[in-house]
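Reading through the structure tokens given below for one structure.
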Amino acid sequence: MSKPTRLAVKDSEPKHLPIYQHKNKLVQAVRKSPFLIVTGETGSGKTTQLPQYLHEAGFCKNGKIGITQPRRVAAITVAQRVAQEMKCTLGREVGYQVRFDDCTSQETAVKYMTDGCLLREVLADPSLSQYSVVILDEVHERSLNTDILLGLLKNVFSDPAEAAKRRSFPLKVVVMSATLESDKLSAFFNNCPVFEIPGRVFPVTCTFGSAVGPKDVERNFYVKEVVKVALDVHISEKAGDILVFLTGQSEIEHACDLLFEKAENIDYRYDVQDRTVEGLLILPLYGSMPTDQQRQIFQPPPPGIRKCVVATNIAATSLTINGIKYIVDSGFVKQLNHNSRVGMDVLEVVPISKSEAQQRAGRAGRTSAGKCFRIYTKEFWEKCMPEYTIPEIQRTSLTAVILTLKCLGVHDVIRFPYLDCPEERFILEALKQLYQFDAIDRRGKVTKLGELMVEFPLHPGLTRALLKSASLGCQDLLLPVAAMLSVENIFIRPGHPDKQKEAAKKHRALAEKTGSINDFATLLCVFNSCKSSDRPSAWCKENWIHWRALKSAFSVETQLREILLRLQQRRDFPTESFDGNKSELLRRCLCSGYFTNVARRSVGKVFCTMDGHGSMVHVHPSSSLFEQEAELNWVIFHDVLVTSKTYIRTVCPIRYEWVKDLLPKLHEVDVYELSSVARQEVTEDEMVKWESKEAAKRQQEASAEDVMKKLEKRNTEDSVSDARARYLQRKQQREQRKAL
DNA sequence: GAGCACTGC
């Protein structure tokens, strides 16, 4: 159990919060309807007060009140505050649960948790029998897990007769959101009532710029522009701190440098050492920054000095900085979008949505009236910025989500009640991948392997490799690798060129220590070397490794090990024997999870993927396989990065024979035929027909050699099949469309 | 010969 931390004194007594005068009506509304939408801006007190009102009104007699949050910090801090208000010890009546930290007990009646935690609970107990009320908070953020929970709750509990069969007492569902989209949510839950709580925010006046129009998406332009605007604010506006929203680490560092330069030119004294211009303290803020450096952001500036924080979107929701009165909004964000046509994720700079822009502006009105300076034009706002941010469920890989749904008994994953439907081809692609991993069978039913796979909080491919290793008894090789691959990048790449060289040298030494040329083995080596070191944090510093990331890899490894041990106690856990070369074990296991990510050397340094897209890819310079020619003709890789070229990262050489039997499977299933499998509407007749067609197709592509030849042929015919070219082309088209 | 926004189980 975690220790509760001391909280700062709050300026608002619960009774003065806007929600207080609605207390009785709110409790009644929950009593009356199985579903209720509650809307209210930040500061209305709904997150902390509603659960207390329901607790007081006796809703905990039969079960717990569960409240979900999209972020860990929010779940923990809100629980701390409520425990304090209810004058109880955190972990007793009021508790929280997040990954790696369960602070609840038998007595816990009000439980705050992340949405991912509740989803895991649904998997174990689909009728949520422990709960009398489930409150989904921050629904407007549309996190993947919250969206899935919305559909599940609607599915299971919107039919009262069906719900009664599953539970001994009714479940109340409350959905809390910012004011936007409340009609849509109400319609989703059978036109359930909406309860509006007025917010308590200060007005923020917004102005548009004249510089960034629809055609100015190039990178340096908006960086220069935010710097100019921020300095204008500093010179001409009254006291109050500035928050600048930018896209990423490098842009932020660049903007901070420019701020010093320009500030100097406009006759300000400044000191490079502690990064202050007279009257202006400039602070960068982004997620991968060391935590002690992040903490500096929250300290009030010395008297007479204005603070200017240059941040990523992390400052929009995750962190609140006091004293911010002015916002400078670049209008852009970096977003990871899944591209099903090339089968990969692409990180790109895109315009933010109007609702996101309002969210950013709102950060200036937390304690008093504020101002928001948008660097983009009114035209850009109208023509380029969408109303709402596309929800995560419509732009990410759905493989793991679809497996979860299938395991929950949702067979028709296409007609599942999504608040916003993902594109059908995204769903079909996920089904195809699950079929290739043997997680579902040809009829779309979850296999025994799939049931084991869903237990792991990992990407299905990685889980597949892990289970293979467990069945061969060599899980100690794969557990650390899986953990390392599911945390943020552990290799530090410093900004300074000299230090960059030093870091690269250390990293190369770690790769060479493995005695092989294999990036996965390097990860294993880093994990074990650090773990067995006397002073692990010093070891990390010396080797340019992120200690924070490695620490979380240690926790993940422990968690995965526990899950695996539990599953291995099941009688039907598969076991296999291995009579090959022991030194090949790690790579052989990896093959069973990464056979969808196989590439073959095409010409010189160029590799060609074997996944049916036949993309031309390059080994990333950070890999130990970079410019290693020789006999390394077949490789598997963990991920793809599209920048100046299409790069594969975390690469490992394999033998053709290891994937030979698996490759045809990649081409066996026509995605669109899986559509009927997805709905599980296949009749016996259709099945027989399909089977025979598939058999004929398999005969045609009798061997992997044929598949290979076919792909090679396509590659030579189609010289612009380079993923980068397609990516750029699409981007151009998109921009042209936007410009129109 | 190079660049990775933010969450979450």
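Quick note on labels: first sequence line is chain A, next is B, and so on, each numbered from 1.
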Out of [options], whichever nucleotide has its closest atom nearest the side chain of [X]:
X: A504(A); options: dA2(B), dC6(B), dT7(B); value: dA2(B)
X: R72(A); options: dT7(B), dC9(B), dC4(B); value: dC9(B)
X: K334(A); options: dC4(B), dG1(B), dG3(B); value: dC4(B)

[X] [atom1] - [N] [atom2] separation (whole Å):
X: L485(A); N: dC4(B); atom1: CG; atom2: C1'; result: 15 Å
X: L246(A); N: dG3(B); atom1: CG; atom2: P; result: 19 Å
X: I648(A); N: dG3(B); atom1: CD1; atom2: C1'; result: 18 Å
X: H546(A); N: dG3(B); atom1: NE2; atom2: C1'; result: 12 Å
X: L336(A); N: dC6(B); atom1: CG; atom2: P; result: 12 Å
X: L462(A); N: dC9(B); atom1: CG; atom2: C1'; result: 14 Å
X: R71(A); N: dC9(B); atom1: CZ; atom2: P; result: 12 Å
X: N337(A); N: dC4(B); atom1: CG; atom2: C1'; result: 15 Å

Exercise for the section: Kindly write out the residues that satisfy ring pair (Phe, Tyr, Trp, His ring centres under 6.0 Å) with H507(A), not counting sequence neighbours, or none if the list is empty. Expected result: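 Ring pair (Phe, Tyr, Trp, His ring centres under 6.0 Å) list for H507(A), sorted by chain: F491(A).
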Practice task
Check ring pair (Phe, Tyr, Trp, His ring centres under 6.0 Å) between F607(A) and all other residues, then give those that pass, not counting sequence neighbours.
Solution key: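 Testing F607(A) for ring pair (Phe, Tyr, Trp, His ring centres under 6.0 Å), a comparison that skips the adjacent residues, returns none.
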Handout entry: Earlier contact from the 5' end, DNA chain B, for R649(A) and R99(A)
Key =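 The answer here is R649(A).
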Practice task
Assign each of N489(A) and Q559(A) to its nearest nucleotide of DNA chain B by heavy atoms, then name whichever residue's nucleotide is nearer the 5' end.
Solution key: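 First, find each residue's nearest nucleotide; the 5'-ward one identifies N489(A).
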Handout entry: Partners meeting salt bridge (Lys or Arg N to Asp or Glu O under 4.0 Å) with E387(A) (sequence neighbours left out)
Key =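 Partners of E387(A) under the salt bridge (Lys or Arg N to Asp or Glu O under 4.0 Å) test: K354(A).
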Practice task
Tell me, please, which residues at least two apart from E557(A) pass salt bridge (Lys or Arg N to Asp or Glu O under 4.0 Å).
Solution key: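 For E557(A) the salt bridge (Lys or Arg N to Asp or Glu O under 4.0 Å) partners, ignoring immediate neighbours, are R561(A).
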Problem - Close approaches to DNA chain B from residues 111-120 of chain A, in residue order (heavy atom, under 4.0 Å) - result: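 The answer is T114(A), G116(A), C117(A), R120(A).
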Practice task
Give a yes or no answer on whether the side chain of T146(A) reaches the backbone of R142(A) with a donor-acceptor pair at less than 3.5 Å.
Solution key: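 Judged by distance alone, no pair lies under 3.5 Å.
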Problem - Mutual orientation of the aromatic rings belonging to Y418(A) and F416(A) [parallel < 30°, tilted 30-60°, perpendicular > 60°] - result: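 Plane angle over 60°, so perpendicular.
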Exercise for the section: Determine whether any donor atom in the side chain of E392(A) lies under 3.5 Å from an acceptor atom in the base of dG8(B), or the reverse, and answer yes or no. Expected result: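 Per atom types, no contact qualifies.
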Exercise for the section: Identify whether any heavy atom of Q249(A) sits under 4.0 Å from a base atom; if not, whether one sits that close to sugar-phosphate; answer base, sugar-phosphate or nothing. Expected result: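 Sugar-phosphate: the residue Q249(A), judged by heavy atoms under 4.0 Å, touches backbone atoms but no base.
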Exercise for the section: Assign Y286(A) to base, sugar-phosphate, or nothing according to its heavy-atom contacts below 4.0 angstrom with the strands shown. Expected result: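 It contacts sugar-phosphate atoms only.
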Exercise for the section: Considering just the side-chain nitrogens and oxygens of T247(A), establish if one lies under 4.0 Å of OP1 or OP2 belonging to dA5(B). Expected result: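 It does not, given that no N or O in the side chain of T247(A) lies less than 4.0 Å from OP1 or OP2 of dA5(B).
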Exercise for the section: With sequence neighbours left out, write down each residue that passes side chain to side chain contact (heavy atoms under 4.5 Å, CB included) with T404(A), or none if nothing qualifies. Expected result: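 T404(A): side chain to side chain contact (heavy atoms under 4.5 Å, CB included) contacts with L123(A), L408(A), V454(A).
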